[in-house]
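The figures here come from the full heavy-atom set of this structure, side chains too, leaving out hydrogens, waters and symmetry mates.
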Amino acid sequence: MRSQRTCSRAGCQRPAVATLTYAYADSTAVLGPLATASEPHSYDLCEEHAVKLTVPRGWEVVRYEGEFGPDQTSEDDLTALAEAVREAGMAERLDDRADPPANPADRSGGRRGHLRALPTPPGD
């Protein structure tokens, strides 16, 4: 039997329907449907807390536009985007290992993309 995940907010025991992840370096919060697996640096939220989410002034929110509900396992645009970013990040790391610059200062300057690639959960 699968255990039901609950809201991460203190004192809330309602079932989780959304997952919140922060990109601190970019002052961005991403709120989407409940992730298939619990991640250590993300927060599961009930519907009430997901709808009422606010972020500090100057932060950006990337928010799922559909309705939150229990057991939403359909593939959505955010999941597809996360998979594409993960695959691109893996390919970029392979390219970096294959031809590392002789001098780290030779790397092209500027900020790299703000999206992070997450490892595939065990068992997938």
Side-chain angles (χ1 to χ4, degrees):
M1 185 172 146
R2 194 169 147 186
S3 65
Q4 184 176 28
R5 288 163 35 198
T6 58
C7 185
S8 296
R9 294 289 302 256
C12 183
Q13 294 298 310
R14 290 185 288 261
V17 296
T19 298
L20 172 65
T21 306
Y22 291 106
Y24 291 99
D26 301 310
S27 302
T28 302
V30 179
L31 181 66
L34 187 63
T36 55
S38 181
E39 296 288 334
H41 298 291
S42 62
Y43 304 90
D44 295 336
L45 299 176
C46 66
E47 185 172 12
E48 179 182 345
H49 287 122
V51 170
K52 292 181 179 180
L53 174 75
T54 60
V55 295
R57 192 172 298 174
W59 278 58
E60 195 175 337
V61 178
V62 177
R63 189 183 297 262
Y64 175 66
E65 295 297 325
E67 291 184 22
F68 296 113
D71 298 324
Q72 286 186 329
T73 56
S74 64
E75 291 292 318
D76 65 349
D77 291 338
L78 286 177
T79 303
L81 176 61
E83 287 295 318
V85 169
R86 183 180 68 79
E87 290 173 11
M90 289 173 60
E92 185 176 300
R93 281 192 302 258
L94 290 174
D95 290 344
D96 287 348
R97 279 188 246 147
D99 190 25
N103 181 355
D106 290 343
R107 285 187 182 248
S108 60
R111 186 176 118 172
R112 296 183 82 166
H114 70 278
L115 296 174
R116 309 289 187 268
L118 298 176
T120 301
D124 282 350

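Residues satisfying the side-chain hydrogen bond (donor to acceptor under 3.5 Å, both in side chains) criterion with Arg9, sequence neighbours excluded, are absent altogether. Legend: residues meeting salt bridge (charged side-chain N to carboxylate O under 4.0 Å, His left out) with Glu60, ordered by chain and number and at least two apart, are absent. With sequence neighbours excluded, the residues forming a side chain to side chain contact (heavy atoms under 4.5 Å, CB included) with Val55 are Ala29, Trp59, Val61, listed by chain and number. Shown here are the side chain to side chain contact (heavy atoms under 4.5 Å, CB included) partners of Ala50, two or more places apart in sequence or in another chain: Ala18, Leu31, Leu45, Phe68. With sequence neighbours excluded, the residues forming a side chain to side chain contact (heavy atoms under 4.5 Å, CB included) with Ser38 are Arg5, Asp44, listed by chain and number.
Counting all heavy atoms, side chain and backbone alike, Gly58 lies closest to Ser27 at O-CB, 4.3 Å. Scanning all heavy atoms of the two residues, the minimum distance from Ala16 to Leu34 falls at O-CD2, 3.5 Å.
Counting heavy atoms from C-beta on, the side chains of Leu20 and His49 never come closer than 4.5 Å.
Distance check, rounded to the nearest 0.5 Å: CD of Glu48 to SG of Cys12 gives 7.0 Å.
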